[in-house]
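Atoms considered below: every heavy atom in the structure, side chains included; atoms not considered: hydrogens, waters and symmetry mates.
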Amino acid sequence: MTSPLPTDATSTENTAWPQSLSRGAIGIALLAIERAHNGTGTWDAAHVALATATSRPLNTGDNASLFLGAPAVAFVLHTAAAGTNRYARTLDLLDAQITDLTRRRLDAAHARIDRGHRPRAAEYDLLYGLTGLGRHLLNREPGGDTTRAVLSYLVRLTEPLAGDPDRLPGWWVPHGPVHGTSHTFPGGHGNLGMAHGIAGPLTLLSLAKDRGTTVPAHTDAISRICAWLDTWRCDHPSGPWWPQWVTPDDLHRQQPAQPGPLRPSWCYGTPGIARAQQLAALATGDTDRRQMAEHALLSCLTDPAQLSRITDGGLCHGAAGLFQTAYRVAADAATPALAAHLPRLQPLLLHHMPAADDPSLLQGAAGHALAQHTATTATAPASGWDACLLLT
C-alpha cells in the first residue's frame, strides 16, 4: 500500500494558502522536488508545482516565516537547487528580502526584551518565528551576519528577563499552547516541543555549532536549555519522557501535571525532544546526553502503549513524523539498535494513511509520501526537505 498521490495542488485549501509550507501548494511541491532528485519524477513536474505555489505575489510581511510566504518559497527553491544553479537568480532576490524581514523581526524581539515583556511563541518558534528563519539562513549563509544575529538573539532568549523575580526562562510565554489567553493557562507556559517550544531553538543552536557557526555564550545557551529539559525529564517504566509544556502550577509542585508520556510525535513528544538533545550532545561532545536521548527514543519506540497513541499518518503528530525523526536519530546514533528497529515502524506508517482529500505536507499525503520514501529506500532525502522539521 502506498500514500495517495497528492497531485492536486489546486484545491480550495491549497490555492487559499499557496505559500503555506504546512498546508499549501509550496509544501506539496517538496514531494515533486524530492521525486525529481531521486529519479521517480521529473523536473517539469516540480516546476509546475512551484509555479502553482508562486502564482500570487509573495508574502514578505512581518508574519512571513519558514512556513509561510517568501521564506517558505525560498526554502523549497533551495531544496530544488541542492548545490546547482537551479533557481539561482530568484533565490538571490529572495535572500535579500528574507534578510530584511529577519532584521525587522530581530529588532522587534530585542526591543521587547529591553522592555521586559514576555515573548509570544511566534516570535521565536520554528513554524512562525526566528528559529525557522534561522534554519533557512543556516542553509543559505551559514556564517553570515544575519544568521549569527539570529543565534545571538536565541542566546539572549535563554536568559531570564531583567528584574523578573521568578527567574523564569526567557522563552516563557504569557499565553496558552494555542496562542490565545486561556483560563487554564493564566500564567502562561514554558513549551518544550520542537514545533513551538524550546527544543526548536536548542536544535538550531546545536546545528549551527556543529557546522562551525557560533556566537558569544553559544554553548552556555545550549547548556541552559539542556538543564531545563533535565529538570523536567520524567522516569517511566518504558524510559525517560518529557511533558509537552510546563505551567506555573507545575513549577510550584516541581512536577508536571501530565501524568505520563503522550503520543510519540515530532511536534511535542519524546521523538522531537530526543532529537534536539541528541544534536545538542553531538555539537558539544556530551556522550552521556547522547546516550540518554537515544535511549529515550528507543524506549518510546518499543512501548506499545505509546505507539498506540499514534492515530494519523501525518508528519506533525503522526506516523510519518515519528518515522522520519527516528530515521534521522538512528543515522547519528552511537549504536545500531535504533536502525535495527526502523523496519518495525514501517507497518505503522502503512497502517495510518492520510485523508484522501488532504494532499498537504505537515498533516497530509505529501508528508506521508516523503517519509514513506525514506522508509522504502532507507536513504536520506536527496533534497534535504526535512530540514524544515529541524531534523537535520
Joint hydrophobic cluster, I26 plus L58, side-chain heavy atoms closer than 4.5 Å: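 Result: yes, single cluster for both.
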
Does the side chain of [Y] come within less than 4.5 Å of [X]'s, by heavy atoms?
{"X": "T131", "Y": "L390", "value": "yes"}
{"X": "L207", "Y": "T203", "value": "yes"}
{"X": "L322", "Y": "P271", "value": "yes"}
{"X": "Y124", "Y": "P201", "value": "yes"}
{"X": "K209", "Y": "T284", "value": "yes"}
{"X": "L229", "Y": "L202", "value": "yes"}
{"X": "M194", "Y": "W266", "value": "yes"}
{"X": "P119", "Y": "R112", "value": "yes"}

Contacts table for residues 166-174: side-chain donor-acceptor under 3.5 angstrom, sequence neighbours left out:
unit_1	atom_1	unit_2	atom_2	d
W172	NE1	G187	O	2.9

With a 3.5 Å distance limit and no angle check, can you tell me whether [X] reaches the backbone of [Y] through a side-chain donor-acceptor pair?
{"X": "R86", "Y": "A80", "result": "yes"}
{"X": "T213", "Y": "P142", "result": "yes"}
{"X": "Q19", "Y": "P57", "result": "yes"}
{"X": "R35", "Y": "L30", "result": "no"}
{"X": "T40", "Y": "A36", "result": "no"}
{"X": "S299", "Y": "H295", "result": "yes"}
{"X": "S65", "Y": "G129", "result": "no"}

Apply side-chain contact (heavy atoms from CB on, under 4.5 Å) to L101 and T60, showing your working. CA-CA 7 Å; L101 164 67; T60 58; over 6 Å; no

Any carboxylate oxygen within less than 4.0 angstrom of a Lys/Arg side-chain nitrogen, looking at [X] and [Y]?
{"X": "D230", "Y": "R233", "answer": "yes"}
{"X": "R224", "Y": "E159", "answer": "yes"}
{"X": "D125", "Y": "R120", "answer": "no"}
{"X": "D332", "Y": "R328", "answer": "no"}
{"X": "D114", "Y": "R156", "answer": "yes"}

Among residues at least two apart in sequence or on other chains, which ones pass ring-ring contact (aromatic ring centres under 6.0 Å, His included) with H37?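 Partners of H37 under the ring-ring contact (aromatic ring centres under 6.0 Å, His included) test: W43.
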
Could I get the full list of ring-ring contact (aromatic ring centres under 6.0 Å, His included) partners for F323, not counting sequence neighbours?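 Testing F323 for ring-ring contact (aromatic ring centres under 6.0 Å, His included), a comparison that skips the adjacent residues, returns none.
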
Residue that, paired with L161, satisfies side-chain contact (heavy atoms from CB on, under 4.5 Å) out of H117, R118, R115: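 Option passing the side-chain contact (heavy atoms from CB on, under 4.5 Å) with L161: R118.
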
Atom [atom1] of [X] and atom [atom2] of [Y]: how far apart are they, to the nearest 0.5 Å?
{"X": "I225", "Y": "L154", "atom1": "CD1", "atom2": "CG", "answer": "7.5 Å"}
{"X": "T302", "Y": "L307", "atom1": "OG1", "atom2": "CG", "answer": "8.0 Å"}
{"X": "L362", "Y": "L127", "atom1": "CG", "atom2": "CG", "answer": "6.0 Å"}
{"X": "L205", "Y": "T158", "atom1": "CG", "atom2": "OG1", "answer": "8.0 Å"}
{"X": "H368", "Y": "L350", "atom1": "NE2", "atom2": "CG", "answer": "6.5 Å"}
{"X": "D312", "Y": "R263", "atom1": "CG", "atom2": "CZ", "answer": "7.0 Å"}

Mind telling me whether F75 and H136 have parallel, tilted or perpendicular rings, with 30° and 60° as the class edges?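 H136 and F75: perpendicular rings.
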
Would you please classify the geometry between the Y87 ring and the H47 ring as parallel, tilted or perpendicular, with 30° and 60° separating the classes?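 Because their plane-to-plane angle is under 30°, the rings of H47 and Y87 count as parallel.
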
Could you walk me through whether L348 and H352 pass the side-chain contact (heavy atoms from CB on, under 4.5 Å) check? CA-CA 6 Å; L348 186 72; H352 292 291; 3.6 Å; yes

Going through the distances and angles, do T247 and D249 end up as a side-chain hydrogen bond (donor to acceptor under 3.5 Å, both in side chains)? CA-CA 5 Å; T247 67; D249 286 345; 5.0 Å; no

For a quick test of reading the model, state the closest non-hydrogen atom pair linking [X] to [Y] and the distance between them.
{"X": "L133", "Y": "L66", "result": "CD2-N, 4.2 Å"}
{"X": "P381", "Y": "T374", "result": "CG-OG1, 4.1 Å"}
{"X": "A29", "Y": "V76", "result": "CB-CG1, 4.3 Å"}

In sequence, state the C-alpha distance, the side-chain angles, and the governing distance for R135 and N139, and then conclude on side-chain contact (heavy atoms from CB on, under 4.5 Å). CA-CA 7 Å; R135 182 62 191 89; N139 275 345; 3.1 Å; yes

Please test W385 against Q324 for side-chain contact (heavy atoms from CB on, under 4.5 Å), starting from the C-alpha separation and ending with a verdict. CA-CA 11 Å; W385 66 266; Q324 196 68 27; 3.6 Å; yes

Can you tell me if CZ on R89 sees more than 12 non-hydrogen neighbours from other groups inside 6.0 Å?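 For R89, atom CZ is not crowded (no more than 12 foreign heavy atoms under 6.0 Å).
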
Look at atom CG of D145 and say whether more than 12 heavy atoms of other residues, nucleotides or ligands are closer to it than 6.0 Å.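 No - once you tally the heavy atoms of other residues, nucleotides and ligands closer than 6.0 Å, there are 12 at most.
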
Strictly by modelled atom types, are Q306 and R309 linked by a side-chain donor-acceptor pair under 3.5 Å?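 No, because no side-chain N or O of Q306 sits under 3.5 Å from a partner of the opposite role on R309.
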
Check the side chains of R289 and Q277 for a donor-acceptor pair under 3.5 angstrom, ignoring hydrogens and angles.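 Looking only at side-chain atoms, R289 and Q277 do form a donor-acceptor pair, the distance falling under 3.5 Å.
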
Which is it for D250 and R253 under the salt bridge (Lys or Arg N to Asp or Glu O under 4.0 Å) test, yes or no, and what are the steps along the way? CA-CA 5 Å; D250 295 337; R253 289 192 307 266; 2.5 Å; yes

